[in-house]
Amino acid sequence: MSYAEEREQNIARNRALLDGLGINPLRPKCEPKENLRKKVAAKKRKSPLPESDELEEPLKKAPRIADDNNEPGGARRSSRLAGKTVDYKQEQDRGVPEPITFKRSQKLKVGQVKSKRTYDPHMYGHIPDVEVGTWWATREDCSNASVHGPWVSGIAPGPDGAYSIALSGGYDDDVDEGYAFTFTGSGGRDLRGTKTAPKNLRTAPQSSHQSFEDRNNAALQRSVDTQKPVRVIRGFKGKARSKYAPSEGYRYDGLYFVKKAWIEKGLNKGGFLVCKFAFMRMPGQEDIPVNDGGDDESDE
């Protein structure tokens with residue numbers, strides 16, 4: 001079986017699983033369209049040169065002043081010291097100045113955290129003052145808002161289940177129907193990346209089995225048992241396969257329950273196993289806006 005055939009088979013199976021959860025009552029008859037946002041232009045660095053093309057006249061060097069013996073060619077001295085006797089030994093014995101690097105390095109006190117957060121992201125349910133549908137430009141902004149703490153990892157584990165997850169592209173056979181979706185767990189990728197993309201860890205090839213011993217996968221498995229709600233943010237990288245992903249940035253789409261966890265053969269050349277999860281949205285929340293499905297500059 002080819003990769004494309006296996007992918008379509010997995011997608012069909014995942015869609016059937018989501019339909020079995022009963023998501024149709026959650027989906028509104030008329031789905032709202034997203035409010036398109038213009039891409040924020042990168043800030044340009046200010047030039048160290050003045051705005052005018054005319055440069056200032058260079059400073060002229062102070063003329064050499066003869067030393068105390070009026071011998072030509074002596075050491076250069078400031079004009080304000082002309083005719084004065086200077087004790088150079090005293091000038092040099094002022095003590096060693098404190099290094100600048102030491103002055104600038106402010107160590108945090110014990111228990112002090114350098115953060116912009118108002119609330120602790122290690123809580124279940126909604127974050128106070130953050131409404132469903134809130135949008136951010138970056139994952140860092142999501143973290144500062146305490147909705148999803150990790151900047152890179154897609155799963156934020158907790159003792160009674162995951163606090164939050166980030167949908168950002170995912171695996172090729174994952175299905176996102178907005179009000180329910182399938183999600184592939186973490187682990188099994190070579191953390192060294194590849195020769196051509198050594199730091200592109202998210203798309204590194206699967207090189208080993210995933211398991212529920214992984215702390216992230218174990219947290220999502222606990223979510224099935226505890227039914228603690230999980231916060232979900234959707235990122236723009238998923239828009240190629242889902243109309244529910246935002247066209248730009250990241251959006252908070254509310255609380256979901258993890259309804260099922262299982263292990264199956266992954267869509268990879270080595271046939272390695274992956275952990276899979278089925279999510280279903282908590283009813284009574286704001287409708288999820290849909291994108292227009294068009295391509296824009298964010299793909300560049």
Side-chain angles (χ1 to χ4, degrees), residues 18 21 26 108 110-136 138-171 174 176 178-189 191 201-202 209-235 237-238 250-263 273-286 288:
L18 296 179
L21 295 178
L26 295 175
L108 297 177
V110 177
Q112 183 180 0
V113 179
K114 185 178 181 181
S115 174
K116 300 178 182 178
R117 294 172 182 161
T118 303
Y119 300 99
D120 187 354
H122 300 146
M123 67 172 69
Y124 295 99
H126 295 298
I127 298 297
D129 304 329
V130 180
E131 297 180 356
V132 175
T134 301
W135 181 91
W136 300 276
T138 67
R139 284 279 294 271
E140 179 183 355
D141 295 334
C142 298
S143 179
N144 289 336
S146 301
V147 173
H148 183 64
W151 287 20
V152 178
S153 176
I155 305 171
D160 297 320
Y163 298 115
S164 59
I165 69 164
L167 291 181
S168 188
Y171 284 64
D174 281 332
D176 182 8
Y179 297 84
F181 59 86
T182 58
F183 182 80
T184 304
S186 67
R189 295 185 187 274
L191 297 182
L201 305 182
R202 190 179 66 85
H209 297 303
Q210 292 185 359
S211 74
F212 290 126
E213 293 181 1
D214 178 277
R215 65 190 297 262
N216 292 331
N217 298 334
L220 286 176
Q221 188 182 38
R222 287 194 297 272
S223 295
V224 179
D225 299 328
T226 64
Q227 285 298 284
K228 290 283 189 181
V230 180
R231 294 186 298 273
V232 172
I233 62 170
R234 279 185 171 87
K237 292 180 181 178
Y250 300 86
R251 185 185 64 230
Y252 176 44
D253 281 347
L255 302 178
Y256 287 70
F257 296 115
V258 185
K259 306 302 291 185
K260 184 178 180 181
W262 72 99
I263 292 180
L273 301 178
V274 294
C275 297
K276 302 285 288 190
F277 305 91
F279 284 72
M280 186 173 180
R281 198 170 192 246
M282 180 186 291
Q285 302 181 90
E286 291 291 329
I288 305 173

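Remember, predicted model here, so these are calculated numbers, not experimental data. Hydrogens, waters and symmetry mates play no part in the numbers below; they use all other heavy atoms, side chains included.
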**Report entry** A162 versus L220, closest heavy-atom pair with distance
**Finding:** CB-CD2, 3.5 Å
Query raised in the report: Just checking, any donor-acceptor pair under 3.5 angstrom between side chains of R215 and S186?
Result: no
Query raised in the report: Checking Y252 side chain against H148 main chain: does a donor-acceptor pair fall under 3.5 Å?
Result: no
Query raised in the report: Do W136 and N144 come within less than 4.5 Å of each other through their side chains, counting heavy atoms only?
Result: no
Query - Shortest non-hydrogen separation from V274 to T184 and the atoms involved - result: CB-CG2, 3.9 Å
Query - Point-to-point distance, once rounded to the nearest 0.5 Å, from OG1 of T134 to CZ of R251 - result: 10.5 Å
Requested in this report: Take S153 and N216 through the side-chain contact (heavy atoms from CB on, under 4.5 Å) test and state the conclusion after the steps.
Outcome: CA-CA 9 Å; S153 176; N216 292 331; 3.9 Å; yes
Query raised in the report: To the nearest 0.5 Å, how far apart are CD1 in I263 and CD in Q221?
Result: 8.0 Å
Query - D253 bridged to R234 by N-O distance under 4.0 Å - result: yes
Query raised in the report: Has the side chain of R231 got a donor or acceptor atom that lies under 3.5 Å from a matching backbone atom of P121?
Result: yes
Requested in this report: Supply the atom-to-atom distance I127 CD1 to S146 OG, rounded to the nearest 0.5 angstrom.
Outcome: 5.5 Å
Requested in this report: To the nearest 0.5 Å, tell me how far T182 OG1 sits from D174 CG.
Outcome: 4.0 Å
Query - Heavy-atom closest pair, residues P229 and Y124 - result: O-CD2, 4.0 Å
Requested in this report: Would you give the length of the straight line joining atom OH of Y256 to atom CE of M280, rounded to the nearest 0.5 angstrom?
Outcome: 11.0 Å
Query raised in the report: Would a 4.5 Å heavy-atom cut-off, applied to side chains only, mark L21 and K260 as touching?
Result: no
Requested in this report: Identify the two heavy atoms, one from F212 and one from N217, that lie closest to each other, and give their separation to 0.1 Å.
Outcome: CD2-O, 3.9 Å
Requested in this report: Evaluate the side-chain proximity of M123 to P128: yes if any heavy-atom separation is below 4.5 Å, no if none is.
Outcome: yes
Query - Residue pair A278 / W262: nearest heavy atoms and the distance that separates them - result: N-CZ3, 3.8 Å
Query - Smallest separation among heavy atoms of G161 and S223, with atom names - result: CA-OG, 3.2 Å
**Report entry** Aromatic plane relationship, F183 with F277 - under 30° parallel, 30 to 60° tilted, over 60° perpendicular
**Finding:** tilted
Query raised in the report: Just wondering, more than 12 heavy atoms not from Q227 lying within 6.0 Å of its CD?
Result: yes
Query raised in the report: Yes or no on side-chain contact (heavy atoms from CB on, under 4.5 Å) for M282 and F257, after CA distance, side-chain angles and deciding distance?
Result: CA-CA 7 Å; M282 180 186 291; F257 296 115; 3.4 Å; yes
Report summary line: One should read off an interatomic distance between W151 CH2 and R139 CZ, to the nearest 0.5 angstrom, of 11.0 Å
Query raised in the report: Would you say the side chains of D141 and T138 form a donor-acceptor pair under 3.5 Å?
Result: yes
